[in-house]
Each structure stands twice: as structure tokens, then as C-alpha cells.
S.K.: 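Here it is: the structure, laid out below.
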Amino acid sequence: MTQILSIQNILKKASFSTDMKESQRVMWEEERYTDGSKWRFLEHKGPVFAPPYEPLPDKVRFYYDGKPMKLSAPAEEVATFFAKMLDHEYTTKDIFRKNFFKDWRKEMTSEEKSKITDLNKCNFSDMNEYFKAQSEARKQMSKEEKQKIKEENERLLQEYGFCIMDNHKERIGNFRIEPPGLFRGRGDHPKMGMLKRRIRPEDIIINCSKDSKHPKPPPGTKWKEVRHDNKVTWLASWTENIQGSIKYIMLNPSSRIKGEKDWQKYETARRLKKCVDRIRNQYRDDWKSKEMRIRQRAVALYFIDKLALRAGNEKEEGETADTVGCCSLRVEHIKLYPKMDDQEYVVEFDFLGKDSIRYYNRIPVEKRVFKNLQLFLENKQPEDDLFDRLNTSILNKHLQELMDGLTAKVFRTYNASITLQQQLKELTSDDSIPAKILSYNRANRAVAILCNHQRAPPKTFEKSMQNLQTKIDEKQNQLSAARKQLKAAKADHKASHDDKSKKAVEVKRKAVQRIEEQLMKLQVQATDREENKQIALGTSKLNYLDPRISVAWCKKCDVPIEKIYNKTQREKFAWAIDMAEKDYEF
DNA sequence: GAATGGACTTGAACAAATTACG
DNA sequence: CGTAATTTGTTCAAGTCCATTC
């Protein structure tokens, strides 16, 4: 309770606002509650369901064992899910095929079931061609047809894409129900290929306020339930059939409820900044503890702090891909090197983290940490837990005692934001705007590397790099040509000393200058792109970097905010754009 | 405490829209 | 102007963390 109250007080003091009028801002402040409720009034139109299945035209055939076969509608629908994915690597994977086939058979009639017994004898290529042709046809549609679709989408957005929460019209994040399809788990997921069933109104729980106009279910259907729970922020939910977890319809990041939460997150990280030295001293001390659980806790916290690792909750074995975070690291995920090249006490990490993204890092650690790790590894098998006396619950309980509201993920936020701030200070030159933006991207990149935000190198990367290089070469040729011309013009002017030739010199000088700038811009672009090959900047920008740092930097360096944040990002960070001055310190 | 459920944030992949280019 | 490259937006899976129950 004290925690909630203190947050409320912070909210009140800091005049949280976007581009609202003063009167509205006061209203916002009055709308914040101390009892854990999230809203007083909530009205919306309910979700938009996936369009019903449209059977294939008869000419599109499915072949079993070389012979055409007409499928019942339910079996055909599931078959189309597979047919659409034929070019995808998924359909070559054993688990995917096995899971798909098992679930597909459940949708078959008994005749189909007895006939179709081997997926390898199924030929979906005709269906696959059909869908390719369809999407090609969609691309070839006339301007008018495309415009019509766009207008229909816009109408749907206007009708279902917004809700009223308290006194504001807010954008909904995901108002469409997920369509049925084949589950695409990441990495080695044991459930990949399973059928994600179609969601019906009878599966949906609606959440809205009692005194609002309740959303109407589609004709002839009913909601599973209509409830009025203002302790939560979601508008609708349903239970998904793959993991049995709940999915939600929630508001867009631009909404008050998400913005305030985001702001709180950064305020918590700033509070960590004030006491991080104390906490670091504490865990360094704990490396010497006579209790094993405390040493483990302290080493794990060191990793979370230094390497920005995720907490690492336990996962149910066999239900998901085998991935780990800090607390769930196993012996097989680290290697210890007392000496490596010219460094001492090197730890090599190699494991699959969230989304089965590989984390690989070699890092020298302090001797005490190294000795502790050796101790933790004693008498263990590769598949044993590295921190056998620790889990995220224990760790977070400890962190809560060190600072109000502190959890493992706050370190990620804190280290990301503080790194951006430091890097911006270090890297920013008083150069041209493109050079400043390169500096910003480099600072952003340092954070993305810290957080291990990777992306698959774009398919066309090599080619686009080459194209850019060609352009640079061309520009260089242009430049030397322009310089020659300038020289000639100067000589001409020296000879004639007339106004006309003087003007010509000026014109040529300008031309050289322009080309130099263009060349510079291209070179900067090439550097930026090369450095960004496998790094994804978006995730840290959206989730880890206190936007006020970026806003302040833009103001200080005279960089228009539009160069850093696009429209959506400006909407999400409206509160920060409004709040931060050029001297803002994280 | 361990297991489970629930709510919410984070994350890469993919699709659509927009911009750059020949 | 049409096409290709790039950026922006959407999707939905996969985490974190907290509350509840036994």
C-alpha cells in the first residue's frame, strides 16, 4: 500500500501530460486512483472476429497419393493453413508436420481419416499455387479497388478501434481476434504446427463498465461472459488452446493507461540509479558470504547488472522451447577459462534466451566471481542448474528489500537508459545533422548490443550494401569532376576578371560544396548500415530507453524530434516530448 | 515454498505502406 | 511512372512478475 501511495504522489507532482489543456490535465490527475482500480468508466464495441472460412473453388485440387480428393470444409480449411506455408521452413520440420497432421486428422470426417494416413502422400501444391495467384491478384488490383479496401479498413478502425476510458477516447491496440491457423512457435518448440482454433463470441469475456453501452455479440451468438472489473486494463479476453494461456485486447501505447505505466517504469529505474552503488557494494560483499544461497544470489545479480541478462523464470518442460535466463542458467551454458589470451578469469556464455535468440559472450569477471562459479559447478552434470539455490522469486524478494519496486528487469531498463545517456554525451559531435543522427544510432546500438537485440540480416543486405557503395563511387567521381570545373572557372576568372566569370566561380563552388555534403551523407549511411547488420534497434528504443533522454538530446543538439521518433513513436512518447527540457538528466 | 493462473511487457517476424530510384 | 528498397505498422509468441491456493 505504501508503494502504491508513493507512486500516486509521484504522479501528482510531476504534472504528467501530453498536449492536453491544463483543465484536462487536472482531470487526469483526479482520475488516478489509490485503491488499485484502473478506470471508472469503460465503453467499447467489442472485438472484430476473423472472417469465416471461404471454401476453395472446385478447380483447386488437393491430391492424396497422386489422386485428386475433395475435402470436407473443416478438413479443407486446416489443409489451407498448411498449403499457405509450403514455402516456409516450418513445413519441413518433423515436429511441425507431426503436430499438424495429428490436429488435422481431428478435423477430418471418418472417411477422410481412414483414407488420409500419411502426410507425405499429401500434395498441397495446387492449393499453394492458388493462394500465390490470389496474393498476386491482390497486388495487381486497380487503384480504385485498393482504395475501397483501405476505406473499409478505416471504417472498421473508426468503429471498433477506439474505446472510451474515463473521459478520453483511446486507441485500442489489437481489436481484431487472432484468426485460426497453425501455431508458429519460435526455436525448437514442441507444439509448432498444432492447430490454433477459431475463436468464437462464446469464447470471449468482455470487460467494460456497468453503466456503459455493452458491446453486442454478432447476431445469433453470445459472449462467454460480460464482467465489470476495473482492477484490470483489458477490454476482452479469451483462452488460447495451444498453451491454455489467456489472450487480451488492450489499449494502444499512446493511451493514458499505457503511458503512465511506461513513465512509472522509468521513474523506478531512476530510483535505482540513486542506490545502485549501494546495491553493487552489497552484492560484492555477498560474494564472500558463508551461505551458498547468498553467494549464488549475488553472482546472479552481478550478471543481471553487468550483462543485462533477463531474470530467467522456470518453464514447464516439454511445453515450450528450451530457453533460459539468468536464474535458470545450466552448467552446460557457461565455460570457465582461468586464462584466455591476455585476460584472466574469463566466462564464456552460450545459451538460447528469449525467442531462442542465442546469447554468446566472453567476459572477464572478478576473481571472486570466478571462484564462486567454480564452486557452483562442483559435482554437477551439464544439465544441472548453475544456481541451484536460486530462482526469480527468491531474487526478486531480495531486490524488493533493497529498494521499493525493484525487480530484475529494472536493471535492464536502468542499464539501457544510463548507457544511452552516457554514449550520447561521449559520441555527439557538433557536426552536421546526419552526423549527429549517426551518433544517436551508435548510442542506441550500444544499448541494443548490451541487451542482445538481434535480427536476421536482411535478405538483400549484401546487395543493398553494394548498391550504396556504387552510389558512393559515383558521387566521388562527380566530386572530382566538379572540383576540376571549379579550378577551371577560377583560372578563367583570373584571366578575364569579369563579373560573369566571377559568378561562374561561385556557382561551381556551391556545386562542389553540395556534392561534398551528399557524399558525406552517403558515407555516413553506409557506416550506419554496416554496423547495424545484425542489430535491431527498435526494441530498445521502444521498451528500454527513457524517451526523455532522447527528447532532451534533440533539444540540446537542435535535431528535430522527427529524425529520432516516427509518428507512432511520437504518439507513444507524447508524455516525454511534452515533459523533458534540454537539461533533463535520467 | 511449489504450483498455478492472470495481467501485463517485451520481442522478432512478417505484412503493408511509403519512399527512392532507374 | 512502375518497381525495388526501406520504413512503418501489425501480429502474436514469449517473457516478467505478482497473487492465490494448497
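Both backbone and side-chain heavy atoms feed into the values below; hydrogens, waters and symmetry mates do not. Reminder, nothing fancy here: chain letters follow the sequence lines and each chain counts from 1.
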S.K.: How is A:I242 classified with respect to the nucleic acid when contacts are heavy atoms under 4.0 Å: base, sugar-phosphate, or nothing?
M.R.: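 Nothing, no nucleic acid heavy atom in range.
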S.K.: Whether A:K38 contacts B:dC8 is assessed here as follows: a side-chain N or O lying under 4.0 Å from the phosphate OP1 or OP2. Is that the case?
M.R.: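 For A:K38, the contact criterion (side-chain N or O under 4.0 Å from OP1 or OP2 of B:dC8) is met.
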S.K.: Name the closest nucleotide to the A:H453 side chain, picking from B:dA12, C:dC17, C:dA14.
M.R.: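 Nucleotide nearest to A:H453's side chain: B:dA12.
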S.K.: Taking only N and O in the side chain of A:K265, is any of them less than 4.0 Å away from OP1 or OP2 of B:dT10?
M.R.: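 The answer is yes; a side-chain N or O of A:K265 sits under 4.0 Å from OP1 or OP2.
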S.K.: Which one, C:dT16, B:dT18, B:dT9, comes nearest to the side chain of A:K150?
M.R.: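 Of the candidates, B:dT18 comes closest.
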S.K.: List the steps and the verdict of side chain to side chain contact (heavy atoms under 4.5 Å, CB included) for A:L420 and A:S550.
M.R.: CA-CA 9 Å; A:L420 179 76; A:S550 302; 3.8 Å; yes
S.K.: Would you mind telling me which residue lines up with the more 5' stretch of DNA chain C, A:N252 or A:H189, judged by nearest nucleotide?
M.R.: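 It is A:N252 whose nearest nucleotide is closer to the 5' end.
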S.K.: Please report the distance, rounded to the nearest Å, between CD1 in A:I249 and P in C:dC12.
M.R.: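 My rounded result for the distance is 11 Å.
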S.K.: Describe, in one word, how the ring planes of A:F82 and A:F100 are oriented to each other, choosing from parallel (under 30°), tilted (30 to 60°) and perpendicular (over 60°).
M.R.: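 Answer is parallel, since the angle falls under 30°.
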S.K.: Among the nucleotides C:dT16, B:dA7, C:dA14, which one has an atom lying closest to any side-chain atom of A:K409?
M.R.: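 Of the candidates, C:dT16 comes closest.
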S.K.: Just the rounded figure in Å: distance from C1' of B:dA12 to CG of A:N543.
M.R.: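 Going from CG in A:N543 over to C1' in B:dA12 covers 12 Å.
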S.K.: When you check the phosphate oxygens OP1 and OP2 of C:dT7, does a side-chain N or O of A:R455 lie under 4.0 Å from one of them?
M.R.: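 No, no such contact exists.
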S.K.: By the 4.0 Å heavy-atom rule, please label A:R310 as base, sugar-phosphate, or nothing.
M.R.: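 A:R310: backbone/sugar contact only, no base atoms under 4.0 Å.
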S.K.: A:Y266 OH to B:dT9 P: how many Å, rounded?
M.R.: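 Whole-Å distance recorded here is 12 Å.
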S.K.: So A:P253, base contact, sugar-phosphate only, or nothing? Heavy-atom distance under 4.0 Å.
M.R.: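 Counting heavy atoms under 4.0 Å across all strands, no contact is made by A:P253.
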S.K.: Hey, can you pull the residues of residues 314-324 of chain A with a non-hydrogen atom under 4.0 angstrom from DNA chain C?
M.R.: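 Nucleic-acid contacts, sorted: A:K315, A:T323.
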S.K.: Nearest-Å distance, CZ (A:R184) to C1' (B:dC14)?
M.R.: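 Those two atoms, CZ and C1', are 8 Å apart.
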S.K.: Phosphate oxygens OP1/OP2 of B:dG6: is one of them under 4.0 Å from a side-chain N or O of A:S245?
M.R.: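 The answer is no; no side-chain N or O of A:S245 sits under 4.0 Å from OP1 or OP2.
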S.K.: Between A:R138 and A:D262, which has a closest nucleotide on DNA chain B that is more 5'?
M.R.: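 Comparing both residues, the 5'-ward one is A:D262.
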S.K.: With nearest nucleotide decided by heavy atoms, which residue, A:G185 or A:Q569, maps closer to the 5′ end of DNA chain C?
M.R.: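 Closer to the 5' end of DNA chain C: A:Q569.
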S.K.: Using every non-hydrogen atom in the two residues, find where A:C554 and A:I564 come nearest and quote the distance to one decimal.
M.R.: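 Scanning both residues, the minimum pair turns out to be SG-CG1, 3.5 Å.
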S.K.: Of A:L307, A:D350, A:L352, which meets side-chain contact (heavy atoms from CB on, under 4.5 Å) against A:Y359?
M.R.: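 Of the listed options, the one satisfying the test is A:L307.
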S.K.: In terms of side-chain heavy atoms of A:T407, which of B:dA12, C:dC18, B:dC14 is nearest?
M.R.: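 Of B:dA12, C:dC18, B:dC14, C:dC18 is nearest to the side chain of A:T407.
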S.K.: Report the nucleotide, chosen from C:dC17, C:dT11, B:dA12, that has the shortest atom-to-atom distance to any side-chain atom of A:R176.
M.R.: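 When the side chain of A:R176 is considered, C:dT11 is the closest of C:dC17, C:dT11, B:dA12.
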S.K.: Verify whether the ring centers belonging to A:H44 and A:F162 lie closer than 6.0 Å.
M.R.: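 That pair fails the under 6.0 Å test.
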S.K.: Any idea which of B:dA7, C:dC12, C:dC17 is nearest the A:A408 side chain?
M.R.: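 So the nucleotide nearest the side chain must be C:dC17.
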S.K.: Among B:dG11, B:dT18, C:dC17, which is the nearest nucleotide to the side chain of A:N313?
M.R.: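 Closest of the options to the side chain of A:N313: C:dC17.
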S.K.: Would you mind reading off the distance between A:I177 atom CD1 and C:dC12 atom C1', rounded to a whole angstrom?
M.R.: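 Distance, rounded to whole Å: 13 Å.
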S.K.: State which of B:dG11, B:dA7, C:dC12 makes the closest approach to the side chain of A:W234.
M.R.: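 Comparing B:dG11, B:dA7, C:dC12 against the side chain of A:W234, the answer is B:dA7.
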S.K.: Which listed nucleotide (C:dC17, B:dT9, B:dT10) is nearest to the side chain of A:K261?
M.R.: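 Selected nucleotide: B:dT9.
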S.K.: Cation-pi between A:K196 and A:F183: NZ/CZ under 6.0 Å from ring centre and within 45° of the ring axis?
M.R.: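 Not satisfied by the 6.0 Å and 45° rule.
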S.K.: To the nearest Å, give me how far apart NZ (A:K132) and C1' (B:dA15) are.
M.R.: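 After rounding, the gap between these two atoms is 17 Å.
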S.K.: It should be established whether A:Y248 places a side-chain nitrogen or oxygen under 4.0 Å from OP1 or OP2 of nucleotide C:dC12.
M.R.: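 For C:dC12, OP1/OP2 do not have a side-chain N/O of A:Y248 under 4.0 Å.
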S.K.: Give a yes/no verdict on a cation-pi contact between A:K93 and A:Y90, requiring under 6.0 Å between NZ or CZ and the six-membered ring centre and an angle within 45° of the axis.
M.R.: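 Output yes; distance and angle both within limits.
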S.K.: Return the nearest nucleotide to the side chain of A:K196; candidates are C:dC12, C:dC17, B:dA12.
M.R.: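 So the nucleotide nearest the side chain must be C:dC12.
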S.K.: What integer distance in Å separates A:R171:CZ from C:dT10:C1'?
M.R.: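 Rounded to whole Å, this separation is 10 Å.
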S.K.: How about A:Y360 and A:F349: are their ring centroids closer than 6.0 Å?
M.R.: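 They do not qualify: ring centres at least 6.0 Å apart.
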S.K.: Are A:E77 and A:R198 ion-paired here, with the side-chain N under 4.0 Å from a carboxylate O?
M.R.: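 A salt bridge is present here (some side-chain N lies under 4.0 Å from a carboxylate O).
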S.K.: On DNA chain B, compare the nucleotides closest to A:L542 and A:H88; which residue's is nearer the 5' end?
M.R.: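 Of the two residues, A:L542 wins.
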S.K.: Angle between the end axes of the helix from B:dG1-C:dC22 to B:dG22-C:dC1, five pairs per end, to the nearest 10 degrees?
M.R.: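 So the angle between the two local helix axes works out to 10°.
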S.K.: Applying the salt bridge (charged side-chain N to carboxylate O under 4.0 Å, His left out) test to A:D322, which of A:R186, A:K315, A:R330 qualifies?
M.R.: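 Output: one option passes, namely A:R330.
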S.K.: Whole-Å distance between C:dC17 P and A:D404 CG?
M.R.: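 Rounded to the whole Å, the gap is 15 Å.
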S.K.: Touch check for A:G353, heavy atoms < 4.0 angstrom, all strands: base, sugar-phosphate only, or nothing?
M.R.: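 If one applies the 4.0 Å heavy-atom cut-off, A:G353 turns out to touch the sugar-phosphate alone, with no base involved.
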S.K.: Side-chain donor-acceptor pair under 3.5 Å between A:Q147 and A:E151, yes or no?
M.R.: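 Distance-only check passes for A:Q147 and A:E151.
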S.K.: Under 4.0 Å, heavy atoms only, any strand: does A:G312 hit a base, just the sugar-phosphate, or nothing?
M.R.: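 Answer is sugar-phosphate: A:G312 comes under 4.0 Å of backbone atoms only.
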S.K.: Whether the side chain of A:K354 and the base of B:dT10 hold a donor-acceptor pair under 3.5 Å is what I'd like checked.
M.R.: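 Counting by modelled atom types and ignoring angles, a donor-acceptor contact under 3.5 Å is found here.
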S.K.: Apply side chain to side chain contact (heavy atoms under 4.5 Å, CB included) to A:N207 and A:T233, showing your working.
M.R.: CA-CA 9 Å; A:N207 195 32; A:T233 67; over 6 Å; no
